[in-house]
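Structure first, commentary second.
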Amino acid sequence: MKNNFPLSGFSSVALHAANNSNNAYAHSTPIYATSTFVFDNAQQGMERFESEDKEKIYSRWSNPTFKVAEETIAAFEAFNIKTNNGNTIQLKALLHASGQAAMTTMFLSCLQVGDTVLSHYSLYGGTYELMYKVLRQAGINIEIVNFKNLNEVEDRIKQNKTIKFIHIETPANPTIQCVDIEAISTLAKQFNIKVSVDNTFATPYLQQPFQFGVDFVLHSTTKFLNGHGTSIGGVLLGSDIDFMKQKVWKWFALLGGNANAFDAFMLINGMKTLELRMERHCSNAKQVASFMQQHHAIAQVNYNGLESHVDYALTLKQMKHAGALLSFELKGGIESGKKFIDNLKMCTRAVSLGTVDTLVSHPASMTHYSVPKEERIKFGITDGLIRVSIGIENVEDILNDFDQALHSV
Ligand SMILES: *Cc1c(COP(=O)(O)O)cnc(C)c1O
């Protein structure tokens with residue numbers, strides 16, 4: 001931490017945790033658009049290669065702009081989590097070109113031919129495809145179970161000794177279902193199984209999985225961390241620093257999924273307002289969910305901040321607020337869903353999530369188009385489901401837009 005000054009609040013961490021000093025005394029983090037780095041002499045070059053950090057050598061390995069983003073996200077995920085001796089936990093982050101790249105580095109550096117990944121329904125579409133297409137072809141097996149049934153999870157683990165890794169996504173698309181991170185992590189530890197959490201929907205402001213002893217956290221930084229929809233990016237964090245610096249870093253460098261300096265710069269700027277944005281995103285989402293729940297044209301609202309949601313209690317346990325994602329089913333099914341989307345006047349019709357403006361999409365025909373229908377239904381993605389990522393507009397305008405769009409469905 002900079003100057004050893006104890007930062008007590010999340011936004012202070014966002015602004016000051018990373019070491020932003022640079023030779024030009026630039027106040028903003030410089031965009032180090034460089035592939036390679038200069039050595040003063042042969043000795044210095046040798047020392048950089050020998051060091052664990054592999055810094056200032058080649059940008060596929062590390063780059064000073066990435067480093068500011070990595071230090072900030074590591075400080076977010078570690079914020080106020082103490083080890084037994086009272087120190088803040090140490091984490092190592094690696095910035096990637098996308099969430100998918102971060103996940104690829106994680107899976108391939110941790111798994112071998114014949115190993116099995118255990119996961120649950122409701123995964124992000126790209127995660128599901130990565131598992132079933134890429135990992136399977138690489139000789140890694142996938143098992144999907146209902147993580148709400150801990151006995152079933154334990155039975156599977158006992159029956160299948162090849163299960164080496166558990167991947168959790170919580171909250172998850174599209175019904176905003178949550179997984180009990182502490183329960184799964186505790187169970188996994190008994191069997192020496194590594195656990196990762198995709199924390200994209202929650203962000204470290206709302207949920208810090210390392211508090212429950214997980215091994216890895218990953219984000220698509222494309223979403224709330226960047227917050228403005230200006231770049232694709234991903235980050236992988238781990239709590240075993242040696243493993244991260246050796247094996248995981250090696251796979252990261254060899255797979256070539258590194259970020260670039262411009263996108264890292266956009267991410268750094270976006271993260272400065274993460275707390276402010278998340279507070280607004282979440283309070284707007286809560287109001288929109290309550291409004292939708294009472295509307296006569298709506299059959300069902302899925303929002304984990306509503307008492308009617310199956311994971312309301314779990315949300316209170318492991319999240320600061322319920323988040324900014326919700327979905328709903330119109331009484332009129334798919335035709336009404338299309339009309340609703342077409343009627344919107346202010347909110348944006350687009351896939352993705354976590355941008356400052358409200359995004360509305362139709363999972364069955366968009367994000368989960370490539371997931372087979374029978375699988376999609378298990379994920380809760382019915383034909384008429386609408387997914388919304390609530391933005392930071394003034395909430396009256398979101399409510400007015402939704403209200404007018406619902407009139408003629
Ligand atoms: C978007 C997303 C990803 C993939 O991230 P990209 O940056 O698009 O590669 C993974 N997981 C979740 C939950 C996401 O929302």
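We count ligands from 1, going down the list as the structure has it; atoms in each ligand are counted the same way.
Ligand 1 has no N or O atom lying under 3.5 Å from any N or O atom of Leu353, backbone or side chain. Of the polar atoms of Lys223, at least one N or O is found under 3.5 Å from an N or O of ligand 1, judged by distance alone. Taking only nitrogen or oxygen atoms, main chain and side chain alike, Thr127 does not reach within less than 3.5 Å of ligand 1.
Aromatic pair Trp61/Phe49: ring centres closer than 6.0 Å. Between His167 and Phe107, the distance from one ring center to the other falls under 6.0 angstrom.
Heavy-atom proximity to Thr222, at under 4.0 Å, picks out these atoms of ligand 1: 7 (O). Residue contact check: Phe201 has heavy atoms under 4.0 Å from atoms 13 (C), 15 (O) of ligand 1. Atoms of ligand 1 found under 4.0 Å from any heavy atom of Ser220 (numbered from 1 in listed order, with element): 1 (C), 2 (C), 3 (C), 4 (C), 5 (O), 6 (P), 7 (O). Against a heavy-atom cut-off of under 4.0 Å, Glu169 is close to the following atoms of ligand 1: 13 (C).
One finds a salt bridge joining Asp383 and Lys373 here, because a Lys/Arg side-chain nitrogen approaches an Asp/Glu carboxylate oxygen to under 4.0 Å. Residues Lys67 and Glu71 are paired through a salt bridge, judged by an N-O separation under 4.0 Å between the basic side chain and the carboxylate.
Remark: minimum distance from atom 3 (C) of ligand 1 to any protein heavy atom is reached at Tyr124 CE2, 3.3 Å. Regarding atom 11 (N) of ligand 1, its nearest protein heavy-atom neighbour is Asp198 OD2, 2.7 Å.
When Trp249, Phe66, Phe252 are each tested for a ring-ring contact (aromatic ring centres under 6.0 Å, His included) with His96, only one passes: Phe252.
Annotation: cation-pi geometry not satisfied between Lys320 and Phe10 (NZ/CZ under 6.0 angstrom from ring centroid, within 45° of ring axis).
Contacts between Asn173 and ligand 1 below 4.0 angstrom, taking non-hydrogen atoms only, are absent altogether.
Atom CD of Glu279 has more than 12 neighbouring heavy atoms from other residues, nucleotides or ligands inside a 6.0 Å radius. Enclosure of atom NZ in Lys331 by more than 12 non-hydrogen atoms of other residues, nucleotides or ligands within 6.0 angstrom is indicated.
Proximity of Gly233 to ligand 1 is established by a heavy-atom distance of less than 4.0 Å.
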